[in-house]
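Every number for a ligand or one of its atoms is a count from 1 in the order of the listing. Just so we're clear, the structure is a prediction, and the values are computed from it rather than from any experiment.
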Amino acid sequence: MSTRNTPNLNQPREQWGTRFGFMLAAAGSAVGLGNIWRFPFVVGEGGGAAFVLLYLGFVLLIGLPLIIGEISIGRKGRSNAMDSYKVIQPNSKWYLNGFIGVIVNFMILSFYSVISGWALYYFILALTGNLLANEKNYENAFGGFITDPIMPIVWQALLMSIVVLIVLRGVKKGIEKWNNILMPTLFVLLIILVFKSTSLENAQEGLQFFLQPDFSAINSGVILAALGQAFFSLSLATGMYVTYGSYKRNENSIVGNAGGIVFLDVFVAILAGLIIFPAVFHYGIDPGRGPDLVFITFPYIFTDMPFGTIFAVVFFFFVFVSALTSAISLLEVVVAFVKEKFNLSRKVAAPVTGIVITTVGAFTALSFGPLSHITLFDLTIFGLFDFIAAQVLIPFSGFLLCIFLGWVWKPHEVKLEVEKEGNKFPLFKLWSFLIRYVIPVVLLVIFLDSIGIL
Ligand code: PHE
């Protein structure tokens, strides 16, 4: 088996230690604030169950086929997100699509580290018994914290230090080891919270909102939001699967792993909904209230609950851990690139990249407070980063990815990669049809819409 065909490395390439290493780490990337913090409020804004169905459709028909393709690129190229394209198509400009991925990860981590820092802060507040108090106004407390000129940056920097320390240890001893510990913890916490929340009084109403579709709520905005959610939540078209796939052994099934990742990501999103909506309805909170849903709603809920303090610790630990495993992957994509491009060791590449991202990210943190007056097209710095990365570059890069897989590298080559070591590629014909004809058209429409052309 060739582990030495990277274009610019003379040591053997790192690899995952066990069969589950890749899957858990990729699921760790997928499962994150996107499932727990973002999913509930976009479902709330998108009118509930009808949105959820659309999201599920996109995950299966667009997400799963693209994940299979992206992993194949990484495993074939055995390089960072950009150079993997170069290995497959030398003498072409397709590597630029991989480069877009590196930029996207850089930009997402800049603001993702800010929200993850909030989660870390709330976890520590809960742990030290300082989160909950009777008569406390949680709106003001949260607002005061995120607009402060210093504290959000301190927590963001702390969070990034943890991420750098893990990535610095490498693929097996850092990323894989920590995902193996953190992901199962996450599932246990999740199950505990589902039981608690669905046994609340009025849980029924919340479950209905979440699970009983009202198709009249669907319009083009809702469709776009559901697609955006599917992409962001699966970490799709960002080079994560290429990078993590490049450390993957040939004997492990790509289709099987892709299926497992999609299952886990959807499972956590659905369970997060089962936790959040019963609670939201129980306390009469507007499910469409937006991004602060988790940080404001939950403290109220826990204040009112027996053993609330313990549940607050569990819940915010859960939010923090899920964010951490995603932040690890966001940093790893950039670090793998920096390390291989500039021939640096991981020990140098990880902290340097981390410091640059934290510095840029500090501006997105400040855009909730002191820099909130700086706007472009009505977006704050935070909003602008989110918009450019998640709504412009990701669909654009996803579109190019389809063209690359379907028309440049070609489906039969992808099939050869997937079927290595006797592995199967079930429904290959359907995959090929979706990748060549269906997904690129859908993505092009979305892209044109997001930049305002349609
Ligand atoms: N999928 C992650 C989440 O749901 C976010 C993410 C996006 C991570 C893109 C990596 C790349 O929170």
Side-chain angles (χ1 to χ4, degrees), residues 23-43 55 58-59 62-63 66-67 70-71 74 80-81 98 100-120 159-160 163 166-167 175 179 182-183 186 190 225-245 258 261-273 291 294 318-337 357 361 385-398 401:
M23 200 179 86
L24 269 192
S29 168
V31 173
L33 294 171
N35 305 57
I36 296 160
W37 164 73
R38 197 170 188 276
F39 182 70
F41 79 77
V42 289
V43 170
Y55 155 83
F58 287 139
V59 163
I62 297 184
L66 279 179
I67 292 177
E70 271 198 283
I71 302 176
N80 60 67
I100 296 178
V102 176
I103 305 280
V104 165
N105 280 268
F106 185 102
M107 292 186 77
I108 293 185
L109 187 53
S110 303
F111 66 81
Y112 202 86
S113 58
V114 174
I115 317 278
S116 310
W118 297 353
L120 176 58
L159 181 279
M160 282 300 287
V163 177
I166 294 175
V167 168
I175 302 175
N179 272 297
L182 296 172
M183 291 302 285
L186 203 62
L190 196 59
L227 189 89
Q229 175 60 21
F231 264 69
F232 186 80
S233 174
L234 291 170
S235 315
L236 209 61
T238 60
M240 182 279 282
Y241 293 103
V242 176
T243 307
Y244 276 13
I261 295 161
V262 164
F263 173 78
L264 289 177
D265 192 56
V266 168
F267 181 68
V268 174
I270 300 289
L271 291 193
V294 160
F318 170 66
V319 181
F320 159 64
V321 165
S322 73
L324 180 63
T325 52
S326 301
I328 290 171
S329 81
L330 286 160
L331 184 64
E332 173 61 18
V333 173
V334 188
V335 166
F337 170 81
I357 293 179
F385 268 56
D386 176 43
F387 178 75
I388 294 176
Q391 292 181 52
V392 179
L393 293 179
I394 291 184
F396 178 60
S397 180
L401 176 68

Novice: Please confirm whether Leu330 comes within less than 3.5 Å of ligand 1 when only nitrogen or oxygen atoms on both sides are compared.
Specialist: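 No - when backbone and side-chain N and O of Leu330 are compared with those of ligand 1, no distance drops under 3.5 Å.
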Novice: With rounding to the nearest 0.5 Å, note down the distance linking CD1 in Ile166 to CD1 in Ile328.
Specialist: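 Result: 4.0 Å between the selected atoms.
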Novice: Identify, for atom 6 (C) of ligand 1, the protein heavy atom at the shortest distance, and state residue, atom and that distance.
Specialist: Ser235 OG, 3.6 Å
Novice: Rounded at 0.5 Å granularity, tell me how far OG in Ser329 sits from CD1 in Ile175.
Specialist: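 One finds 8.5 Å between OG of Ser329 and CD1 of Ile175.
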Novice: Give the ring-plane orientation class for Phe263 versus Phe267, where under 30° counts as parallel, over 60° as perpendicular and anything between as tilted.
Specialist: parallel
Novice: Side chains of Leu236 and Tyr241: does their closest heavy-atom pair fall under 4.5 Å?
Specialist: yes
Novice: Looking only at protein heavy atoms, which one is nearest to atom 1 (N) of ligand 1, and how far off is it?
Specialist: Phe232 O, 2.8 Å
Novice: Would you say Phe396 has more than 12 foreign heavy atoms packed within less than 6.0 Å of its CZ?
Specialist: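 Result for CZ/Phe396: open.
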Novice: Any atoms of ligand 1 less than 4.0 Å from a non-hydrogen atom of Ser329? List them with their elements.
Specialist: 10 (C)
Novice: Would a distance-only check, ignoring hydrogens and angles, find a side-chain to backbone donor-acceptor pair under 3.5 Å from Ser110 to Phe106?
Specialist: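 Such a contact is found between Ser110 side chain and Phe106 backbone.
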Novice: Only one of Val334, Leu331, Leu330 passes side-chain contact (heavy atoms from CB on, under 4.5 Å) with Val167; say which it is.
Specialist: Leu331
Novice: Would you check whether Ser29 has a nitrogen or oxygen atom less than 3.5 angstrom from a nitrogen or oxygen atom of ligand 1?
Specialist: yes
Novice: Considering non-hydrogen atoms only, spot the tightest contact between Ala258 and Ile71 and give its length.
Specialist: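 Heavy-atom minimum between the residues: CB-CD1, 4.3 Å.
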Novice: Can you list the ligand 1 atoms lying under 4.0 Å from a non-hydrogen atom of Ser233?
Specialist: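 So the answer, numbered in order with elements, is 1 (N), 4 (O).
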Novice: I need the Ile394 CD1 to Leu401 CG distance, nearest 0.5 Å.
Specialist: 12.0 Å
Novice: I'd like to check which ligand 1 atoms, numbered from 1 as shown, lie under 4.0 Å from a non-hydrogen atom of Thr238.
Specialist: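 Listed by number with element: 9 (C), 11 (C).
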Novice: Look only at interatomic distance and state if Leu234 has a nitrogen or oxygen under 3.5 Å from any nitrogen or oxygen of ligand 1.
Specialist: no
Novice: Say whether Asn105, considering both its backbone and side-chain N or O atoms, lies within less than 3.5 Å of an N or O atom on ligand 1.
Specialist: no
Novice: So between Ala389, Ala30, Ser322, whose heavy atom ends up nearest atom 4 (O) of ligand 1?
Specialist: Ala30
Novice: Please determine if Gly34 has a nitrogen or oxygen closer than 3.5 Å to a nitrogen or oxygen of ligand 1.
Specialist: yes
Novice: Ignoring angles and geometry beyond distance, decide whether Leu33 reaches within less than 3.5 Å of ligand 1 through its nitrogen or oxygen atoms.
Specialist: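 N/O-N/O distance below 3.5 Å exists for this pair.
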Novice: Considering only protein heavy atoms, which is closest to atom 12 (O) of ligand 1, and at what distance to one decimal place?
Specialist: Tyr112 OH, 2.5 Å
